[in-house]
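Comments concern the structure below.
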There are 2 protein chains.
Amino acid sequence: MKDVASAAGVALKTVSRVVNGEPGVHPATAERVRTAIDRLGYSRNESARVLRRGRTATIGLVIEDVADPFYAGLSRAVEDVVIQHGCLLLSGSSGEEPGRERELVETFCARRVDGLIVVPAGDDHTYLRGELAAGTPVVFADRPPGAGLDVDTVLADNAGGAGQAVRHLMTHGHRRIAFLGDDPAIFTAAERLRGYRAELGGLFDERLVSMRPPSPETVRAELARLFALDDPPTALFTGNGRYTVATLRALARRRVALVGFDDFELADLLDPGVSVVAQDPSWMGRVAAELLFRRLRGDSGPPQHIELPVRLIPRGSAELPPPP
Amino acid sequence: MKDVASAAGVALKTVSRVVNGEPGVHPATAERVRTAIDRLGYSRNESARVLRRGRTATIGLVIEDVADPFYAGLSRAVEDVVIQHGCLLLSGSSGEEPGRERELVETFCARRVDGLIVVPAGDDHTYLRGELAAGTPVVFADRPPGAGLDVDTVLADNAGGAGQAVRHLMTHGHRRIAFLGDDPAIFTAAERLRGYRAELGGLFDERLVSMRPPSPETVRAELARLFALDDPPTALFTGNGRYTVATLRALARRRVALVGFDDFELADLLDPGVSVVAQDPSWMGRVAAELLFRRLRGDSGPPQHIELPVRLIPRGSAELPPPP
DNA sequence: CAGCCCCTTGACAACGTTGTCCACCCCTCC
DNA sequence: GGAGGGGTGGACAACGTTGTCAAGGGGCTG
């Protein structure tokens with residue numbers, strides 16, 4: 001900028017004014033400055049600007065894994081809103097490790113992001129206290145913060161969706177419905193299990209619950225265990241997209257009644273079509289990002305807790321009757 | 001930092017030394033400083049650090065769309081390498097718009113990213129000249145830069161893969177093979193078309209080529225057009241994952257011989273399993289990122305042009321014989 | 001005991017930008 | 001013709017950090 005100023009024969013500040021479109025510069029001077037800028041290929045140093053102004057126009061996003069379609073969709077929606085507001089997105093995947101989540105958040109904070117959207121992996125977020133006190137708005141998405149922290153949160157109706165899934169299967173005559181899902185340490189898994197259990201009421205049987213990792217081997221083993229029971233399940237409820245896919249693969253085209261949590265591409269093309277309880281990841285991302293920007297604009301109301309509805313999409317797999 | 005210094009009763013520089021783990025600080029002093037840091041909840045201001053040191057420890061990534069599984073996979077791999085090197089990732093989706101691509105790159109440059117990985121949307125990258133001259137390393141992935149720019153590039157063997165697909169279909173008796181793919185303005189589409197055409201040789205018939213957007217409606221219309229020909233195709237070659245999915249959906253479980261470019265989840269569970277030419281997006285991301293960091297470490301050899309092999313995975317759909 | 005060296009610490013400038021404040025010029029109006 | 005005012009332009013400090021250089025103090029050696 002100094003070079004531009006001397007090249008254009010003006011003061012530093014005048015260049016700054018032109019670059020920022022501030023008023024009070026003679027058109028001819030501005031033109032001379034712009035020419036110098038083009039000639040020298042100058043581009044403003046954002047770091048210095050940030051240092052001086054205190055705002056980075058950067059938002060941090062911590063998700064579990066970009067390669068998971070759910071989070072990729074959420075990510076894209078957040079990105080769109082962020083760009084719309086003239087900001088940039090720093091993002092990172094925690095890989096479901098609390099330590100990594102914290103590292104990412106702290107690195108983002110060291111870079112003085114203006115706001116954070118976090119899909120937490122851990123359940124202790126006291127480390128955020130300082131940042132929150134410093135005024136950085138934080139929005140939790142998909143999962144709530146750990147105990148003792150009350151901040152904006154956008155969740156899906158996990159329990160309600162699980163209930164819908166179970167009810168739907170029961171409508172089609174099923175009474176023995178198994179649940180395959182994540183460790184209940186993960187909020188969404190716990191909530192879906194809760195909804196499943198509540199809807200089943202007296203029919204609940206904990207032997208029908210499987211909470212092992214969604215790897216092909218463990219899912220295959222768990223299905224073998226379930227079907228070997230004296231009173232085996234006639235239907236399956238899978239707790240998220242990964243379990244649904246792993247289960248379908250383990251079933252190897254065997255026709256078993258099934259509802260999965262999370263929609264996925266091609267669910268309609270399988271035979272039978274896979275009935276799912278669908279969330280809308282883009283919607284969740286958009287809502288979270290917009291809430292964040294509302295905070296950045298100064299909205300200081302009490303923390304909001306938004307619950308997005310989910311939707312049962314019948315496609316055939318849930319409508320298979322139980323074997324006689 | 002100033003506050004920490006006065007709280008600990010030391011000079012600014014001593015705090016800086018402790019924060020950066022520089023040697024030459026008495027353990028007791030360091031401990032006192034650390035205590036003050038904890039008590040005040042201090043966290044280093046990266047912007048100031050960047051301003052002073054000139055390196056941002058940030059890499060910029062421009063892709064087409066995070067929500068596309070191919071780019072999500074690539075993104076994740078890049079992120080992993082970047083984090084491993086102690087850097088952060090700024091990423092943005094161009095949405096296949098050259099203007100947006102340029103905006104993203106320029107914004108990243110204004111933030112003084114240390115390096116860039118770009119999946120280009122446009123074919124004019126002269127705007128990068130200045131940045132390259134300034135020494136910022138840039139790696140192009142998935143698609144090469146526009147004319148007149150020779151920089152590191154990581155591509156897949158698009159033409160070769162298309163050739164493999166066609167050859168495989170011909171082995172199973174097909175002679176009339178249609179191609180559904182993107183606008184050939186997109187490098188990968190053009191290359192795949194080239195490979196398809198070369199492999200077909202004299203059998204090539206341009207009426208069997210469709211290059212309309214991969215929306216459900218246009219794909220349905222194009223399939224109708226193709227099958228209404230006097231001499232309709234007996235097999236389909238789809239130019240990327242989106243076309244494959246759109247085509248399968250438009251076919252509505254009609255069994256037509258098909259090979260798709262790009263692997264996708266559940267391809268094996270459809271009936272018949274979908275044979276594909278698979279790329280490895282993680283591999284591409286990893287290779288591109290590692291090449292970038294090699295440049296950052298000072299490797300200044302001539303620009304590299306890496307071509308990653310692709311792999312035909314037969315699953316059944318390509319092995320359907322032509323109707324008699 | 002003097003001299004030297006190492007260990008530890010501190011003062012200061014600089015990175016590139018922007019906000020504040022002031023100076024100048026020319027025009028208009030009294 | 002002088003005073004006031006709007007429109008321009010510039011000088012300077014400050015943002016928070018780090019690299020450079022130098023100073024003080026204590027132990028070791030001759």
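Hydrogens, waters and symmetry mates play no part in the numbers below; they use all other heavy atoms, side chains included. Just so we're on the same page: letters track the sequence lines, and every chain starts at 1.
Side-chain contact annotation: A:Arg112 with A:Thr136, donor-acceptor N/O pair under 3.5 Å absent. For the residue pair A:Glu64 and A:Ser94, no side-chain donor N or O sits within less than 3.5 Å of a side-chain acceptor on the partner. Side-chain contact of B:Asn158 with B:Arg143: a donor-acceptor pair under 3.5 Å is absent, judged by distance alone. Side-chain atoms of B:His305 and B:Asp150 form a donor-acceptor pair, as typed in the model, at a separation below 3.5 Å. In the model, A:Ser16 has no side-chain atom that pairs as donor or acceptor with a side-chain atom of A:Arg44 under 3.5 Å. For the residue pair A:Thr56 / A:Asp114, a side-chain donor-acceptor distance below 3.5 Å is found, with atom types taken as modelled. With no hydrogens or angles considered, a side-chain donor-acceptor pair links A:Ser93 and B:Glu79 at under 3.5 Å.
Taking atom CZ on B:Arg52 and atom P on D:dA14, their separation rounds to 18 Å, with Å as the unit. The separation between A:Arg17 atom CZ and C:dG16 atom P is 21 Å, rounded to whole Å. Here the C1' atom of nucleotide C:dT17 and the CG atom of A:Asn20 are 9 Å apart, to the nearest Å. Computed from coordinates, the A:Lys2 NZ to D:dG10 C1' distance equals 16 Å when rounded to whole Å. In this entry the distance linking CD of A:Glu22 with C1' of D:dT8 reads 13 Å, nearest Å. Between the CZ atom of B:Arg55 and the C1' atom of D:dG19 there is a distance of 17 Å, given to the nearest Å. As a whole-Å value, the separation of B:Leu12 CG from C:dA14 C1' is 14 Å. When the C1' atom of C:dG16 is taken as reference, atom NZ of A:Lys13 falls 13 Å away, rounded to whole Å.
For B:Glu101 (side chain) and B:Pro120 (main-chain N/O), no donor-acceptor pair under 3.5 Å exists by modelled atom type. Put simply, the side chain of B:Thr153 gets close to the backbone of B:Val151: a donor and an acceptor are under 3.5 Å apart.
Residues from residues 24-36 of chain B with heavy atoms under 4.0 angstrom of DNA chain D: there are none.
Counting atom types as modelled, B:Arg49 pairs no side-chain N or O with a base atom of D:dT17 as donor and acceptor under 3.5 Å. Between the side chain of B:Arg53 and the base of D:dG19, no donor-acceptor pair under 3.5 Å is found.
Residue B:Ser16 places no side-chain N or O under 4.0 Å from the OP1 or OP2 atom of D:dT17. In terms of phosphate contacts, A:Thr14 brings no side-chain nitrogen or oxygen within less than 4.0 Å of OP1 or OP2 of D:dG9. Between A:Arg44 and C:dT18, a side-chain N or O to OP1/OP2 separation shorter than 4.0 Å is present.
Between the two ends of the helix from C:dC1-D:dG30 to C:dC30-D:dG1, each summarised by a five-pair axis, the helix axis turns through 50° (rounded to 10 degrees).
Inter-residue side-chain proximity for A:Asn45 and A:Arg49 is flagged as unmet; no heavy-atom pair is nearer than 4.5 Å.
Nucleotides of DNA chain D nearest to A:Arg112 and A:Val10 differ in position, and the one nearer the 5' end is that of A:Val10.
Nucleic acid contact class of A:Val19 (heavy atoms, under 4.0 Å, all strands): none.
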